[in-house]
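Reviewing the structure listed below.
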Amino acid sequence: MEYSFRTIEDKWQNFWAKNATFKVEEQSSKPKYYVLDMFPYPSGAGLHVGHPLGYIASDIYARYKRLQGFNVLHPMGYDSFGLPAEQYAIQTGQHPETTTKENIARYRQQLDKMGFSFDWSKEVRTSDPNYYKWTQWIFSELFDCYYDTTSDKAERISKLISTFEKDGNAFVKAVNDCEIIFSATEWNAMSATEKEGILQHYRLTYLADSWVNWCPALGTVLANDEVINGLSERGGHPVEQKKMRQWSMRIKAYGERLLNDLNTLDWSESIKEQQRNWIGKSKGCSVQFETDDKQHSIEVFTTRPDTIFGVSFLVLAPEHPLVKTLTTDEYSQKVDEYIQTSSLKTERDRQANVKNITGQFIGSYAIHPFTGEKVELWIGDYVLASYGTGAVMAVPCGDQRDWDFATHFKIDIKNIFENVDISEGAYTAKEGTITDSDFLTSLSVADAMTKAIEAIETKGIGQGKTNYRLRDAVFSRQRYWGEPFPVYYKNGIPTIIEAQHLPIILPEVEKYLPTEDGQPPLGNATDWAWDTVNNKVVSNTKMDNITVFPLELNTMPGWAGSSWYFLRYMDANNENAFVAKEKANYWENVDLYIGGSEHATGHLLYSRFWTKFLFDLGYIGVKEPFKKLINQGMILGRSSLVYRNAENKYVSKSKLEGGETPIHVDINFVHNDILDTTAFKNWREEYKNAEFILEDNSTYICGHEVEKMSKSKYNVQTPDELVEKFGADTLRMYEMFLGPLEQSKPWDTKGINGVHNFLRKYWRLFFDAEGNLNLSDGEPTKDALKTLHKAIHKIQDDLNKFSFNTGVSNFMICVNELTDQKCNNRQILEKLTILLSPYAPHITEETWTLLGHEAGSVNYAKFPKFNPEFLVSDNFEYPISFNGKVRFKLEMPNSASKEEVEKAVMTNEKTIHYLEGKEPKKVIVVPGRIVNIVL
RNA sequence: GCCCAGGUGGCGGAAUUGGUAGACGCGCUGGAUUCAAAAUCCAGUUCCGCGAGGAGUGCGGGUUCGAUUCCCGCCCUGGGUACCA
């Protein structure tokens, strides 16, 4: 009987769907385990073979955890708001919702064919009003909170208001960007508008006129991490700076916690490092420099207070507020010109000219706080207004940029490092001895650092301070296809719509483009006003600014919905809460999260931020969303190329003479690099009369290149045709077999036969030569037991280490050995089947029933434990053969000679722990050069 | 520049509390079966050498009885980040 994967896979996929096999409930009797994939954006192209890589790994792990007796939550959903659907809508007029629904249907079909064990009853879609209702709610909770630095958590804004009413804001300890100090009396005298204006400086989400990365081509604002080298991440359009009224998220308030809690996470070092860099904590000190007329003082931030005696000038950002005041008449024209040119520079220009040193002396001086010497004041656009204080003390001997600047403008360089030559460049190492520095002289750099901060603080001209690179995240997008804000404007005051009136449903619009007068697309909506009497959205014509007000026209960014979706899965259909507290407490957080590393600083940082916020308010009991994170590598495409020569003929690879034009050819016409010339000719009109220069054996061999999968390179491999040809189980195992999960690798179907053959061999273990089911019921042979137990041991090890690739190899070894032994023993096959079921669920369900078990029961109730106790029988004696391998540690002094070591290896009797957590078992190591011996 | 990860046959990749390098699969070579093909099975396959033998895990050193594994210095590839004071 042949292995008929199509019949088998259809049968079991239907069975699983009909019986809701993978539906989970909260069960306190079982330990929980939460396995999550980064949910996909449902694009029009459908899934390609790269998508399922992570899903297969997580599915294997989820099924493995179920075998071990865990109650496993393994859901799937869609990040269904996003730009491509909107752009498609702009082009075709088709509503993004329609496109999105079609794409989701296609994705679902493809996912189902892979045999994933998702609990679809918990599906979420970020564009579903029942979902974004709660995204809007979280936004309103952020609006209602501020960050209290005393309790070090988010607190209700009402608490802050009552403090203002009693004491004003002078003694408030809160993260804010409020520049004025007021008393209680002043506060109480303020109008509602003024009060809200103040509160905006404290709220965790707030409106601010901020410089934003404006992308004219996309008609939208982009986050810092969506801009790469001055170009938009999506599409690569130029991005310019523009000031706009935007919603922002005060993520900065959580900077320290986001940094510290990284240490509690089981994430790859590289991702943690990326987040640390992004948060960019630097410890240092602020220092006030008085101007020589004693009228003003300039605050700088430095990480090297120990070099304060090396200061030879100050540099201010051109945008610094004191520049105009401090510029002398003599220099005002030059300074104005410099400010003018640097303001015209886009981010892109600045980056292109990193080596280009520019600056301008402004004519006035500051006084060095310790030496009393005059130091020149300069402006230079290498100093950023947005970081630190917007001014730096320049120490050319200790900072390369300052050195370059000083050298370029011929400013004196003072050396304060003992025995260091700085004629060729700055000395930037944080070690050595300070000299020529008054009270810091002959101290080490580290000691001087402490001493300098002390002196600065004693003098009252500054203090030790910590700076973060992390900036608040802009939260407004000028888009249609996103979550509307639950906000209306009451006489200009942003007002939140109460939770019981949510969701605010995205309105219909005629056009998805910005309006003529530059309003976001929601400006096209005719029914987009808030009636505060009836609490509903009404027609714009009813707007009277007494009871009916305009609604916010921006929508939320893509990361809004994805910042909390892992919580919604726990309780996807709850209409009364974003997640019920008892469910949140049962599932806690994600135990294993699998997805691409491109989200290192975006999604993963924002999710952590929102999780901490929701924790602060007591809605959930965990501080971090994802305990363990695995980043699957990208699967690259393997493009096939044909070569056209000058005479318009197509030249096979070994006949190339150079100068031929390579042309991408659809990979479906190519098998093992051999081109199907007929298919190629029929591909396009232009190839119809193609002529070929063939190899000597009359084939056409294509060239190839490894690059990103893309439609335009005709190298996209969808899973569908492979499932059709080999079955889902083969594809699942093959994707795992390709290599380590975390590594990126080229897609190549060459080896898929090997995996397919393995499954066919496994299938044949159950049947005799005539194709009849043939299972023996006797006791298994020692050889068969040994093979099985070896496999159990290794494959469990592989699963625990997420080495799914070696897991597949070990299955192959096991089945090859059982085939050689002609093993058809029921006990052996039963256990092997359980072992294989996470990898190849369809074929194992089928064989499970062949073994006489109830249909579907391998999932998994009958075997609550999948562990050594269950699988390895206690009484089994391991046969240690001459060729067997047992690992043991040889305890000998390092000085022992080779002969001595060999002698010890040959004769030693060793005690071996053959399985963890069991009594040690004595085995005698057989003479021979055996060092690495495994059971 | 800085940070992180990695460099092993023709290919994807195994093997690290230091212990027979190249598991497993692909590909290739030869053979069996077949009218033939597919499929299947058997043998071989790191390189050099007819051979005995020698070389070999990016390069150069070091520690060790023994190094793909540990240490030092380089080179290269991939990812991240960038005038952050």
Side-chain angles (χ1 to χ4, degrees), chain A residues 2 225 228-229 268-278 280-282 284-285 300-304 307 314-315 317 350-351 353-358 380-384 386-395 398-402 404-405 428 467-471 597-598 600-601 631 633-634 672-673 733-734 737-740 742-758 760-761 764 794 798 803 805-814 816 819 885 887-890 892-902 904-905 928-934:
Chain A
E2 268 304 297
D225 42 307
I228 295 164
N229 293 330
S268 77
E269 203 42 49
S270 84
I271 295 279
K272 287 199 210 177
E273 205 50 38
Q274 278 181 52
Q275 292 218 348
R276 285 189 197 110
N277 289 342
W278 195 258
K281 181 179 181 175
S282 56
C285 180
V300 303
F301 174 75
T302 179
T303 55
R304 297 294 304 274
T307 62
L314 300 188
V315 188
R350 280 199 180 191
Q351 278 164 1
N353 298 319
V354 169
K355 297 277 167 240
N356 202 1
I357 299 154
T358 65
D381 62 11
Y382 80 96
V383 177
L384 306 179
S386 54
Y387 181 77
T389 60
V392 301
M393 58 180 221
V395 184
D399 183 289
Q400 192 56 46
R401 288 167 320 222
D402 296 345
D404 292 339
F405 196 88
T428 55
N467 250 328
Y468 297 91
R469 200 172 80 93
L470 182 70
R471 313 233 176 111
S597 58
E598 64 272 22
T601 47
N631 295 113
M634 205 190 333
N672 295 335
D673 288 342
M733 292 195 87
Y734 184 57
F737 184 69
L738 274 177
E742 308 195 53
Q743 195 171 300
S744 61
K745 50 215 160 221
W747 177 254
D748 189 350
T749 48
K750 268 189 187 167
I752 201 165
N753 284 323
V755 174
H756 193 60
N757 287 344
F758 155 77
R760 295 172 51 176
K761 271 190 186 172
R764 282 201 302 266
K794 285 190 165 180
D798 292 330
S803 301
N805 53 331
T806 50
V808 178
S809 293
N810 287 321
F811 274 119
M812 290 176 172
I813 295 168
C814 178
N816 282 342
T819 305
K885 289 182 167 188
R887 166 172 293 236
F888 66 90
K889 187 175 178 179
L890 198 57
M892 295 200 70
N894 266 359
S895 56
S897 73
K898 192 173 180 178
E899 287 70 30
E900 286 171 313
V901 174
E902 273 177 6
V905 170
R929 268 199 86 197
I930 307 166
V931 187
N932 197 10
I933 315 173
V934 180

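Chain letters run A, B, ... following the sequence lines, proteins first, then strands; residues in each count from 1. Since the structure is predicted, the reported quantities are computational estimates derived from the model, not experimental observations.
The side chain of A:Q743 contributes no N or O atom lying less than 4.0 Å from OP1 or OP2 of B:rA5. Of the side-chain N and O atoms in A:N805, none sit less than 4.0 angstrom from OP1 or OP2 of B:rG25. Taking 4.0 angstrom as the limit, A:K761 places a side-chain polar atom (N or O) nearer than this to OP1 or OP2 of B:rC41. Of the side-chain N and O atoms in A:Y382, none sit less than 4.0 angstrom from OP1 or OP2 of B:rA85. Between A:N757 and B:rU40 there is a side-chain N or O to OP1 or OP2 distance below 4.0 Å.
Out of B:rA39, B:rA14, B:rC4, the shortest distance to the side chain of A:T806 is found at B:rA14. Nearest nucleotide to the side chain of A:M812, out of B:rA14, B:rC4, B:rG25: B:rG25. In the set B:rG13, B:rG25, B:rA85, the nucleotide with an atom closest to the side chain of A:K745 is B:rG13.
Taking the side chain as every heavy atom from C-beta outward, A:Q275 and A:K272 never approach each other to under 4.5 Å. In this structure the side chain of A:D402 reaches within 4.5 angstrom of the side chain of A:Y382, judged on heavy atoms. Between A:W278 and A:L470 there is a side-chain heavy-atom pair separated by less than 4.5 Å. Taking the side chain as every heavy atom from C-beta outward, A:R760 and A:E2 approach each other to under 4.5 Å.
The 5' end of RNA chain B is approached more closely, in terms of each residue's nearest nucleotide, by A:E269 than by the other of A:R469 and A:E269. Each of A:T389 and A:S597 has a nearest nucleotide on RNA chain B; the 5'-most of these lies closest to A:S597.
Under the Watson-Crick or G-U wobble criterion, with both distances below 3.5 Å, B:rC83 has no partner in any strand shown. Nucleotide B:rC24: paired with B:rG12 (Watson-Crick or G-U wobble, both distances less than 3.5 Å). Under the Watson-Crick or G-U wobble criterion, with both distances below 3.5 Å, B:rA32 is paired with B:rU40. In this structure, B:rG66 forms no base pair with any nucleotide, since neither Watson-Crick nor G-U wobble geometry is met with both distances under 3.5 Å. The pairing partner recorded for B:rA52 is none, the criterion being a Watson-Crick or G-U wobble arrangement whose two distances lie under 3.5 angstrom. Nucleotide B:rC74 has B:rG58 as its partner under the Watson-Crick or G-U criteria, with both atom distances under 3.5 Å.
Classified by interplanar angle (parallel below 30°, tilted 30° to 60°, perpendicular above 60°), the ring pair A:F811/A:F758 is tilted.
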